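Everything numeric in this text was worked out from a predicted model, so none of it was measured. What's counted below: heavy atoms across the whole structure, side chains too, no hydrogens, waters or symmetry copies.
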Amino acid sequence: MIVHISQRISQEGAPHRVDVTFPKTAPRGKALGSTSRENITALFPIHHLADASSEGLAILYQGRIIEANRPLLSCVGTDLQNFPSIRDILPGALKTPPDNSYHPGVLRTLEGRSFQVEFRLTPLRRNDLDCLALAVTFPPCLSASRSLSPESDTGLCGQEEFGKAVSAFLGNGTTRQPAGILLHANINRFRTINERYGTRIADNVLSEIGQRLRAFLTEECIVVRLGGDDFGIFCPFPYEHPGQATRWAQIVRDIFHTTLSIDGHRIHLTASIGCCLIPFDTYRFETACHYAELALNEARRLQSPDWISFTPLMQADVHHRSELEHDLQRALETNQFFLEFQPLICLRTNRIECVEALLRWQHPTRGVISPNEFIPIAEESGLIVSIGRWVLLEACAQVSRLPSHVRVAVNISAVQFLHDDMYAAVIQTLFQTGLAAERLELELTESIFLEAVQRNLETMSKIRALGVKIVMDDFGIGFSSLNYLRSFPFDRIKIDRSFIRDMLNDPQAQSIVSAIMTLGHAMSMEVIAEGVETAAQLDMLRHTSCSTAQGFLMGRPAPLANLSAYPGMTDTPVISGQNSSPSASAS
């Protein structure tokens, strides 16, 4: 069902009236005047639109709340089915004229707290059904008491007090009776807020979040700022089923997912939240903190808009990743890494003019491990710097023995680019291998622009000045790819394989490929199509301005010794669609 709402303001300044268009047929067997709460609620699905609001929003019918958004439910401390009368939570509201003007009031919660708010009422009318729309504006500073001493900037307790209070509640693990939920929340992209608005505004954001936590949670809840933009929340409430305890996770999510108005700036916030149930997951405080942090890390990884609850698989995954990190440290020392190369074919000459170096790991007991599995671990641990240096040196050393027209493309991790001196690494590699700078290409993704942008641009310019080519990989899937082309003059761009895969059956994908070709040509950049797997795809590309193709059709990744026998590694043309020495490993 769709609800169309339009406001009409008379020239005489009459009160606003909101006209709502409902379905043509009313619920059967019910007159509008006696419509049930459930049917009336179905006519007003505002929760789909209003849950992200920083105001409390509700719809009243005959003095009853029939719909409310999450911020209001969280503040009052109830759900919609048990929502009290508006006379109990906002006395005098129904005596206020519904003129869409703000009026002062006192909002009372089910926990017995009250604080000053501003509210407004707007009439809604359809046929003979008279309703009211309620909007409650929460003040920026809400008073709420805490039995623990406050932290200076957020009014929350300190970490030591938090640990003592929760541990005392749990009985130091001596009993399984206490129950509750422990949450670990982290504000998303807080660093961006700090950089954009400055430290003072960022500190005010933390203070506002602290005040919202104190105001919207009950007095039994214990809240701590763990440092930076991390918060810990413990809600000590019994539950018969684990699903019941997630109500508090929803409330905490609603507190963080809001828009704050600070010094004229409207700052939209979201957060990653992990939670652990006590005693369902554990009844020890230290273990609960660890589990909540694991769940938080999973929420960050998934970029989840909701909270993530701890599962035993998270602990197993951490153990697995820890083992891989330990093994990675030994992999370089014991020569477990090796390279495979995949050819890039010039569509004009049918010659192999470049090979892309692809890292592989031959684990002594687990066999070949996918880069998708170990590269993120290498980046998180910092091992990617030494591994990346090895790849650069080994790739250049092997390709230096090929004919001089063959170049080598090496993928560079954004983490490596940020933490290593890439300019020095490139110079050292070229000196040690004797490879001409013009035969080396560095493939970068747009993630390299997310941090230290100016420094990275300067480093890329210095490397390019040596004669090394800079290639933008996975072009077309990033939200700022076009801006990056303006920021730096790339030599080549690689169209992401997803567009090549879909272009035969998806006219939009075909249009995007064509547009990228035109863009590359206009900016004097060579365009490479990766992921070419069928003759039909290759034939379509030959009718565009695409200059180079790469994919299983031309050759799978393989050791360079196998690849050197392919037609095109000398002056012999490559036969379209010919493969040699296929490998089980994909790029």
Side-chain angles (χ1 to χ4, degrees), residues 339-360 368 370-372 395 398-399 402-403 405-411 441 443 445 469 471-477 492-517 520-521 525-587:
L339 296 181
E340 290 186 326
F341 296 83
Q342 186 173 28
L344 284 76
I345 308 302
C346 175
L347 297 184
R348 182 177 57 84
T349 64
N350 281 346
R351 289 162 54 97
I352 296 178
E353 295 193 348
C354 184
V355 290
E356 180 181 357
L358 302 169
L359 176 63
R360 303 291 187 249
V368 177
S370 167
N372 293 334
Q398 290 194 39
V399 174
L402 294 181
H405 71 273
V406 179
R407 307 184 305 273
V408 60
V410 180
N411 293 277
E441 299 182 358
E443 293 195 3
T445 62
K469 302 297 187 291
V471 182
M472 186 173 194
D473 199 6
D474 300 333
F475 184 83
I477 60 174
R492 297 178 178 89
I493 53 178
K494 295 183 74 171
I495 304 177
D496 184 73
R497 66 182 64 245
S498 62
F499 297 111
I500 304 302
R501 179 194 63 217
D502 299 337
M503 67 179 183
L504 291 178
N505 301 315
D506 186 350
Q508 290 185 340
Q510 183 177 348
S511 298
I512 291 174
V513 171
S514 178
I516 294 175
M517 302 291 182
H521 180 74
M525 297 178 184
E526 181 182 345
V527 179
I528 303 170
E530 61 178 339
V532 180
E533 299 184 358
T534 67
Q537 292 171 342
L538 181 61
D539 184 64
M540 180 174 288
L541 290 171
R542 288 187 184 279
H543 291 83
T544 68
S545 58
C546 181
S547 57
T548 307
Q550 175 186 13
F552 289 172
L553 183 67
M554 280 69 68
R556 292 175 177 268
L560 198 58
N562 296 14
L563 196 61
S564 61
Y566 276 37
M569 292 302 284
T570 60
D571 293 332
T572 305
V574 173
I575 300 175
S576 175
Q578 180 171 345
N579 279 335
S580 176
S581 182
S583 169
S585 300
S587 61

Item to check | Nearest atoms (heavy-atom pairs only) where Cys546 meets Leu347 | outcome: O-CD1, 3.7 Å
Checklist entry - So do the side chains of Gln550 and Lys494 get within less than 4.5 Å of each other, counting heavy atoms only? => result yes
Checklist outcome for this item: Correct closest heavy-atom pair for Phe475 and Phe499 would be O-CE1, 4.0 Å
Checklist entry - Can you tell me how far the CD1 atom of Ile512 sits from the CD1 atom of Ile500, to the nearest 0.5 Å? => result 10.5 Å
Item to check | Step-by-step side chain to side chain contact (heavy atoms under 4.5 Å, CB included) determination, Leu560 to Leu339 | outcome: CA-CA 8 Å; Leu560 198 58; Leu339 296 181; over 6 Å; no
Checklist outcome for this item: Between the CG atom in Leu541 and the CE atom in Met503, the distance rounded to the nearest 0.5 Å is 3.5 Å
Checklist entry - Heavy atoms, side chains only, cut-off 4.5 Å: are Val513 and Ile495 in contact? => result yes
Checklist entry - If you take all heavy atoms of Val532 and Ala549, which pair is closest and at what distance? => result CG2-CB, 4.0 Å
Checklist entry - Short question: side chain of Ser547, backbone of Val527 - any donor-acceptor pair under 3.5 Å? => result yes
Checklist outcome for this item: For Gly555 and Pro343 the tightest heavy-atom approach is O-CD, 3.8 Å
Next on the checklist: Please enumerate all residues that pass side chain to side chain donor-acceptor pair (under 3.5 Å) together with Arg501, with sequence neighbours excluded.
Outcome noted: none
Item to check | Pairwise side-chain contact, Ile352 with Ile345, heavy-atom cut-off 4.5 Å (strictly under) | outcome: yes
Checklist entry - Could you give the distance from SG (Cys354) to CD (Glu526), rounded to the nearest 0.5 Å? => result 8.5 Å
Checklist entry - Side chains of Pro371 and Leu358: does their closest heavy-atom pair fall under 4.5 Å? => result no
Checklist entry - Roughly how far, to the nearest 0.5 Å, is CG of Leu344 from CZ of Arg351? => result 14.5 Å
Item to check | Spacing of Asp474 atom CG and Asp496 atom CG [to the nearest 0.5 Å] | outcome: 5.0 Å
Checklist entry - When you look at Glu441 and Lys469, which way does the salt bridge (Lys or Arg N to Asp or Glu O under 4.0 Å) test go after all the steps? => result CA-CA 5 Å; Glu441 299 182 358; Lys469 302 297 187 291; over 6 Å; no
Item to check | Set of side chain to side chain donor-acceptor pair (under 3.5 Å) partners for Thr544, sequence neighbours left out | outcome: none
Next on the checklist: Would you say that Val408 contacts Leu402 through its side chain, given a criterion of any heavy-atom pair below 4.5 Å between the two side chains?
Outcome noted: no
Next on the checklist: Under a 3.5 Å distance rule, please check whether Ser511 uses its side chain to pair with a backbone N or O of Pro507 as donor and acceptor.
Outcome noted: yes
Checklist entry - Which heavy atom in Phe552 sits nearest to a heavy atom in Pro557, and how many Å separate them? => result CE2-CD, 4.0 Å
Checklist entry - Do the side chains of Gln342 and Glu530 get nearer than 4.5 Å, heavy atoms only? => result no
Checklist entry - Is it the case that Asn411 and Glu356 place a side-chain donor and acceptor less than 3.5 Å from each other? => result yes
Next on the checklist: Nearest 0.5 angstrom please: Arg497 CZ to Glu533 CD, how far?
Outcome noted: 7.5 Å
